[in-house]
Amino acid sequence: MLNLCSSEKYKNVQHYLDWLATFGETADGGVTRLLYTEEWQAAQHALKEEMREIGMDPYFDKVGNLYGRIEGFQEEKQVILTGSHIDTVVNGGKYDGAYGVIASLLAAKMLFEQYGRPRKTIEVVSLCEEEGSRFPLTYWGSKNITGEYSLEDIKQLEDQNGILFQDAMGKAGFPIAAYKGDKRSDIEHFIEVHIEQGAILEKNNIDIGFVTHIVGQHRYTIQFMGESNHAGTTPMEERKDPMVFAANCIDALTKIAKEEYPGLRATVGSINAEQNVSNVVAKTVSITLDIRHHQEGILKKYSDEILQMITEKANESGIICKAEKWADSLPVALDTSLHSTMEKIAKNNGLKSVQMVSGAGHDSQILGAHYPTTLFFVPSQKGISHSPLEFTKVQDLEHGILLLKEVLYKLAYEGVQ
């Protein structure tokens with residue numbers, strides 16, 4: 001095994017991940033660490049202290065992205081950035097996002113201990129938010145690095161408890177008055193290592209997946225408004241039942257995706273009903289719709305077709321329909337210039353590799369539209385993710401760190417691109 005010690009209390013990458021998972025640990029072994037919560041704050045500040053112990057210069061930006069900086073000696077102050085996100089879904093796993101943060105921390109630490117200061121500055125980033133699990137907004141961390149977000153984007157946003165985004169942000173130590181949303185201009189390359197969150201690598205006995213594209217995503221909340229009435233006295237033919245309407249729409253959009261759009265993913269993951277009782281025809285039903293594909297044209301075509309279909313069916317059924325798009329990420333082709341070098345490194349270490357498309361969104365998708373960006377995967381056991389059952393073997397985790405270390409050496413110590 002690789003020697004990944006930063007102190008006696010954390011002997012390898014698994015110990016680090018187990019440690020980080022204590023911040024937001026759930027009863028069944030999962031992790032809930034949502035943006036700006038107490039658990040999130042504790043984790044970020046613990047990572048900041050760990051960065052300091054390693055010898056990095058840690059700092060927060062104005063939204064809570066945490067950086068550990070190893071200053072390069074080259075006069076041109078371009079940064080090699082590596083890392084991932086700190087937040088989780090509700091009752092998620094301990095590897096998604098967190099592995100990329102810990103892997104970057106350990107790879108940079110080993111390089112610094114072995115070779116000293118790099119030519120080019122290395123920064124390890126623990127991005128504040130990617131998932132969109134607390135507020136209806138995604139990639140708050142990376143889109144502030146690229147300058148795509150502003151205060152207007154969070155105005156009046158609330159979580160499920162009615163807490164305003166800006167209030168949560170201020171309470172966590174990042175006041176709106178200090179906000180700065182300018183794009184960073186000093187990033188030369190971003191590198192992210194992540195668990196696959198799928199089963200392609202494991203099923204094919206492959207150690208590393210080099211990502212060429214990340215799918216685009218459209219996320220909607222669609223509300224169906226009907227007419228609430230008594231379940232026993234309202235004849236079936238006289239009902240304006242948004243629950244039945246929603247069910248029919250879900251069935252239709254799923255069939256269209258399967259039969260007409262190969263490779264596309266369409267998911268209704270949440271349903272909320274009002275009044276939500278057994279003996280009343282509902283008044284309002286809201287669903288979420290998550291659509292993904294790696295080709296922008298197909299993504300748009302399906303989205304337009306589905307929304308038109310729902311609108312037409314609603315007009316025929318006497319249901320009022322309202323669709324709100326709250327996430328819109330374009331597909332991104334990542335930088336593949338390092339793939340041949342990485343393939344050689346993998347092969348020299350006895351690792352099998354393959355090129356692949358990511359069906360999950362990642363911060364690399366955002367940063368890759370602005371800076372040369374490299375993303376690669378290590379296997380996920382049974383493809384399970386966003387779950388307490390999420391798991392990756394220590395050997396696979398260490399393979400990712402080994403490869404990340406070698407690539408960072410090429411970029412920051414040799415200066416090779």
Side-chain angles (χ1 to χ4, degrees), residues 24 31-41 62-65 85-92 96-97 127-172 174 176 179 181 214-225 242 246 249-250 253 265-274 276 284-292 299-300 302-303 306-307 310 320-331 360-363 365-366 385-386:
V31 183
T32 299
R33 192 165 52 235
L34 309 184
L35 177 65
Y36 298 142
T37 59
E38 292 183 2
E39 296 82 6
W40 177 96
Q41 294 176 58
K62 301 302 182 182
V63 298
N65 291 321
H85 61 95
I86 187 66
D87 67 313
T88 71
V89 299
V90 175
N91 202 29
D96 176 14
L127 292 158
C128 64
E129 192 276 339
E130 184 246 32
E131 298 285 2
S133 296
R134 183 177 182 186
F135 299 95
L137 171 145
T138 55
Y139 303 113
W140 178 243
S142 53
K143 281 194 174 183
N144 269 283
I145 291 175
T146 62
E148 295 176 66
Y149 273 145
S150 70
L151 292 181
E152 283 298 311
D153 294 295
I154 62 170
K155 193 175 182 180
Q156 303 306 316
L157 282 187
E158 296 181 348
D159 66 10
Q160 290 185 345
N161 296 316
I163 299 173
L164 287 170
F165 192 110
Q166 62 186 29
D167 291 343
M169 183 173 165
K171 189 176 180 181
F174 307 97
I176 293 297
Y179 178 81
I214 302 178
V215 297
Q217 295 185 41
H218 291 176
R219 294 191 196 181
Y220 297 88
T221 296
I222 306 176
Q223 187 179 63
F224 306 114
M225 291 163 279
C249 287
I250 294 168
L253 70 86
R265 308 286 191 268
T267 305
V268 175
S270 174
I271 301 178
N272 290 291
E274 178 191 347
N276 201 32
T284 303
V285 174
S286 295
I287 66 171
T288 59
L289 175 59
D290 181 310
I291 309 168
R292 308 186 186 207
L299 186 64
K300 183 179 186 305
Y302 176 81
S303 298
I306 292 306
L307 292 177
I310 290 174
I320 298 173
C321 175
K322 180 182 178 182
E324 178 187 0
K325 182 192 285 186
W326 57 273
D328 187 352
S329 300
L330 294 176
H362 297 284
D363 290 298
Q365 181 170 6
I366 305 305
S385 187
H386 285 182

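Numbers here simply count residues along the sequence, with the first being 1.
Contact check for His386 versus Glu131: side-chain heavy atoms found under the 4.5 Å cut-off. Using a 4.5 Å cut-off on side-chain heavy atoms (C-beta onward), Thr284 and Gln223 make contact. Residues Ile291 and Ser303 meet the side-chain proximity criterion, which asks for heavy atoms closer than 4.5 Å. Put simply, the side chain of Met169 reaches to within 4.5 Å of the side chain of Ile176, judged on heavy atoms. No side-chain heavy atom of Leu127 sits under 4.5 Å from any side-chain heavy atom of Ile86. You'll find the side chain of Cys128 reaches within 4.5 Å of the side chain of Trp40, heavy atoms only. Annotation: side chain of Leu289 is not in contact with side chain of Thr267 (no heavy-atom distance under 4.5 Å). In this structure, Ile222 and Glu324 have side chains that are not in contact, with every pair of non-hydrogen atoms separated by 4.5 Å or more.
The minimum heavy-atom distance linking Thr138 with Tyr149 is given by the pair O-OH, 2.6 Å. A pairwise comparison of heavy atoms in Leu157 and Pro136 identifies CD2-CG, 3.8 Å as the closest pair. Closest approach of Val285 and Ala273 over heavy atoms only: CG2-CB, 4.2 Å.
Rounded to the nearest 0.5 angstrom, His362 NE2 and Gln365 CD are separated by 8.5 Å. Here the CG-NZ distance, from Asp328 to Lys300, works out to 10.5 Å after rounding to the nearest 0.5 Å. Atom CZ of Arg292 is separated from atom CG of Leu299 by 10.5 Å, given to the nearest 0.5 angstrom.
A distance-only check finds no donor-acceptor pair linking the side chain of Glu130 to the backbone of Gly141 [under 3.5 Å]. In this structure, Arg134 contributes its side chain and Leu35 its backbone to a donor-acceptor pair below 3.5 Å. Between the side chain of Asn272 and the backbone N or O of Ser286, no donor-acceptor pair lies under 3.5 Å. Side chain of Glu39 to main chain of Leu34: no donor-acceptor pair is present (N/O by atom type, distance under 3.5 Å, no hydrogens or angles). Asp159 places a side-chain N or O within 3.5 Å of a backbone atom of Asn161 that can act as its donor or acceptor partner. At distances below 3.5 Å, not a single donor-acceptor pair connects side-chain atoms of Ser329 with backbone N or O atoms of Gln217.
Aromatic rings from Phe135 and Trp140 are positioned such that their centres are separated by 6.0 Å or more.
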Derivation and outcome, side chain to side chain contact (heavy atoms under 4.5 Å, CB included), residues Tyr139 and Asn144: CA-CA 8 Å; Tyr139 303 113; Asn144 269 283; over 6 Å; no

Between Ser270 and Ile287, is the side chain to side chain contact (heavy atoms under 4.5 Å, CB included) condition met? List the steps. CA-CA 6 Å; Ser270 174; Ile287 66 171; over 6 Å; no

Step by step, work out the side chain to side chain contact (heavy atoms under 4.5 Å, CB included) result for Phe165 and Tyr36. CA-CA 9 Å; Phe165 192 110; Tyr36 298 142; 3.8 Å; yes

How far apart are the C-alpha atoms of Leu137 and Trp326, what are their side-chain angles, what is the distance that settles it, and do they pass the side chain to side chain contact (heavy atoms under 4.5 Å, CB included) test? CA-CA 7 Å; Leu137 171 145; Trp326 57 273; 5.8 Å; no

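With 3.5 Å as the limit, one finds no donor-acceptor pair spanning the side chains of Asp363 and His85. No hydrogens or angles considered: nothing links the side chains of Tyr220 and Asp290 as a donor-acceptor pair under 3.5 Å.
Shown here are the side-chain hydrogen bond (donor to acceptor under 3.5 Å, both in side chains) partners of Ser385, two or more places apart in sequence or in another chain: Gln197, Glu390. Residues meeting the side chain to side chain contact (heavy atoms under 4.5 Å, CB included) test with Thr146, sequence neighbours left out: Lys143, Glu148, Ile366, Leu367, His370, Tyr371.
Atom NZ of Lys325 is surrounded by more than 12 heavy atoms from other residues, nucleotides or ligands within 6.0 Å. Under a cut-off of 6.0 angstrom, the local environment of CD in Glu158 is crowded, with over 12 non-hydrogen atoms contributed by other residues, nucleotides or ligands.
Just one of Asn276, Thr288, Ile250 meets the side chain to side chain contact (heavy atoms under 4.5 Å, CB included) condition when paired with Ile271; it is Ile250.
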